[in-house]
There are 2 protein chains.
Amino acid sequence: MVWITICTERYDGLMSAETPTVGRPRAFDEETVLDRAAEVFWRHGYEGASLTALTGAMGINRPSLYATFGSKQELFQRAFARYHETQVARARAALEQPTAYTAIEAFLRSSADGLTAGDHPPGCLSVQGGLACSPENAGIAEILAAGRAATESVLEARLSRAADEGDLPPGMDARALARFVMALSEGHAVHAAAGARREDLQASVDIALQAVLPHS
Amino acid sequence: MVWITICTERYDGLMSAETPTVGRPRAFDEETVLDRAAEVFWRHGYEGASLTALTGAMGINRPSLYATFGSKQELFQRAFARYHETQVARARAALEQPTAYTAIEAFLRSSADGLTAGDHPPGCLSVQGGLACSPENAGIAEILAAGRAATESVLEARLSRAADEGDLPPGMDARALARFVMALSEGHAVHAAAGARREDLQASVDIALQAVLPHS
DNA sequence: TGGCCCTGTAACCGATCGGTACAAAAAGAG
DNA sequence: CTCTTTTTGTACCGATCGGTTACAGGGCCA
């Protein structure tokens with residue numbers, strides 16, 4: 001919801017134009033190089049990702065990058081959007097479980113798995129991309145925060161539905177619970193960035209799930 | 001323990017020399033300017049904090065900075081150590097509560113308070129300083145990770161003691177619980193950096209504490 | 001008073017930053 | 001084949017990065 005508005009507002013006019021019929025054909029696939037760019041941002045953060053590192057990993061040169069994506073900021077937004085489609089979407093899909101408990105468990109487990117998967121950098125681009133930036137790049141931190149807030153909104157919507165269905169422990173607030181789950185997931189991202197093992201994160205999930213059970 | 005070793009290793013020979021008996025006295029207080037430097041690193045991250053911004057906030061000029069601290073990296077280490085003394089120490093002190101439950105509650109509450117205090121930037125320097133850095137600054141991320149790991153070790157030691165005293169819910173692993181508490185605190189730091197309100201974080205703490213209670 | 005050490009300003013260093021000008025190369029259109 | 005169009009590679013732009021030097025004073029002690 002919030003995310004959608006932000007998405008369309010920011011990306012209108014920035015989406016790739018349709019491929020022209022004449023002229024030298026493009027030698028790279030846009031989504032592929034976006035994935036490579038996302039990995040560099042993921043590993044080094046926005047400000048730590050130099051154009052040299054980006055173009056090197058993407059396998060294209062600077063003029064191609066700028067002709068295609070416009071600027072480093074726009075490239076980041078595109079890469080971040082792609083990251084959402086390919087990575088965050090899995091955790092969100094996990095919310096389609098029948099009960100609040102199973103939805104939260106699936107969310108946290110798939111999140112912990114994604115944070116420690118071997119086929120991409122550890123951690124989460126939404127967190128490592130740039131929690132704190134230099135003043136001229138303050139917009140990057142906002143973009144990332146908006147992405148995280150959007151995921152939290154989806155989580156909250158799912159748990160609100162659960163509350164309506166009487167599927168939450170008595171006295172449990174859906175919004176606070178969504179924030180708790182999201183915060184834990186972000187903390188796991190911080191841990192994963194520092195090299196935490198998957199089992200260690202899952203053990204933390206085990207404990208978190210105790211909080212969702214009704215108490216005596 | 002890990003932290004102590006790392007601390008002494010890194011800081012040996014970097015500590016400020018005793019003030020000389022002759023010559024013009026220093027016009028600034030070392031701890032004061034370190035606090036100012038920590039704020040800049042805190043707000044903008046290591047790489048986002050330029051020397052111009054640092055010297056401006058510290059109220060000294062570059063030659064003085066380099067004569068006193070040696071380099072940007074060493075300045076950061078000193079500022080980070082000072083941050084531990086002034087900020088992190090409060091959360092660690094909260095662990096001196098009689099029971100595991102009250103210790104965890106005090107830790108998380110004072111952490112949430114500190115993350116949203118008005119007299120310094122929101123969030124936590126240990127997290128925002130630089131989760132992901134450019135390759136040449138990879139050491140900064142390691143220093144921060146070591147600091148967080150040290151806090152987690154202290155937490156784990158306290159909870160291990162609680163386990164020995166039979167003060168943990170049955171079947172609860174002290175190490176996993178420490179990681180859970182630490183991860184939640186880090187997630188709260190991420191939230192605080194994005195502008196979360198103190199009450200919102202405390203509501204998340206309320207939920208987390210449910211996990212520490214014994215279950216039916 | 002003579003050193004000594006610090007302070008401030010200022011200018012400068014090589015390297016790297018994000019971002020471009022330009023011409024060769026590769027394709028379709030005629 | 002030539003013209004047009006688009007991408008590609010090289011080489012470069014000004015600005016800023018972290019870090020250093022030079023130097024004219026200023027405060028303190030012996």
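Naming: A, B, ... by sequence-line order, numbering from 1 per chain. FYI, side chains are in, hydrogens and waters are out, and symmetry mates aren't considered; it's all heavy atoms of this structure.
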Rounded to whole Å, how long is the line connecting atom [atom1] of [X] with atom [atom2] of [N]?
| X | N | atom1 | atom2 | value |
| --- | --- | --- | --- | --- |
| B:Asp29 | C:dT7 | CG | C1' | 16 Å |
| A:Leu51 | D:dA15 | CG | P | 18 Å |
| A:Asn137 | C:dC17 | CG | C1' | 11 Å |
| B:Ile140 | D:dG18 | CD1 | P | 12 Å |
| B:Ile60 | D:dG19 | CD1 | C1' | 14 Å |
| B:Leu75 | D:dG19 | CG | C1' | 13 Å |
| B:Met58 | C:dG8 | CE | P | 12 Å |
| A:Leu65 | C:dT20 | CG | C1' | 13 Å |

Notebook entry, point to check: Is any side-chain nitrogen or oxygen of A:Ser64 closer than 4.0 Å to OP1 or OP2 of D:dT8?
Noted result: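 Checking A:Ser64 against D:dT8: at least one side-chain N or O falls below 4.0 Å of OP1 or OP2.
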
Notebook entry, point to check: Does D:dG19 have OP1 or OP2 sitting under 4.0 Å from an N or O in the side chain of B:Tyr66?
Noted result: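 B:Tyr66 to D:dG19 OP1/OP2: side-chain N or O found under 4.0 Å.
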
From [options], pick the nucleotide closest to the side chain of [X]?
| X | options | value |
| --- | --- | --- |
| A:Lys72 | C:dG19, D:dT7, C:dT7 | C:dG19 |
| A:Arg24 | D:dG18, D:dT8, C:dG18 | D:dT8 |
| B:Arg62 | C:dG19, D:dG19, D:dG9 | D:dG19 |
| A:Pro25 | C:dA26, D:dT10, C:dG18 | C:dA26 |
| A:Asn61 | D:dT10, D:dT7, D:dG19 | D:dT10 |

Next item on the list: Identify, between B:Ala27 and B:Glu136, the residue whose nearest nucleotide on DNA chain C lies closer to the 5' end.
Entry: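 This one resolves to B:Ala27.
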
Notebook entry, point to check: Relative to the 5' end of DNA chain C, which residue comes earlier, A:Tyr46 or A:Pro63, by the nucleotide with the nearest heavy atom?
Noted result: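 Comparing both residues, the 5'-ward one is A:Tyr46.
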
Notebook entry, point to check: Taking NZ, NE, NH1 and NH2 as the nitrogens, is one of them in A:Arg179 or A:Asp173 under 4.0 Å from a carboxylate oxygen of the other?
Noted result: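 No.
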
Item checked: Electrostatic pair A:Arg36:A:Asp29 at N-O distance under 4.0 angstrom ->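 Answer for the salt bridge query: no.
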
Next item on the list: Report which part of the nucleic acid A:Ala53 touches: base, sugar-phosphate, or nothing (heavy-atom distance under 4.0 Å, all strands).
Entry: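 Contact class for A:Ala53: none.
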
Notebook entry, point to check: Do the numbers put B:Lys72 on top of the ring of B:Tyr46, so that NZ or CZ is under 6.0 Å from the six-membered ring centre and no more than 45° off the axis?
Noted result: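 Cation-pi check for B:Lys72 and B:Tyr46: passes.
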
Margin query: Just by distance, no angles: are the side chains of A:Arg197 and A:Thr116 close enough, under 3.5 Å, to form a donor-acceptor pair?
Written below: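 Note: A:Arg197 and A:Thr116 side chains miss the donor-acceptor criterion.
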
Item checked: Residue pair B:His44, B:Gln128: steps toward the side-chain hydrogen bond (donor to acceptor under 3.5 Å, both in side chains) verdict -> CA-CA 8 Å; B:His44 300 303; B:Gln128 302 170 45; over 6 Å; no

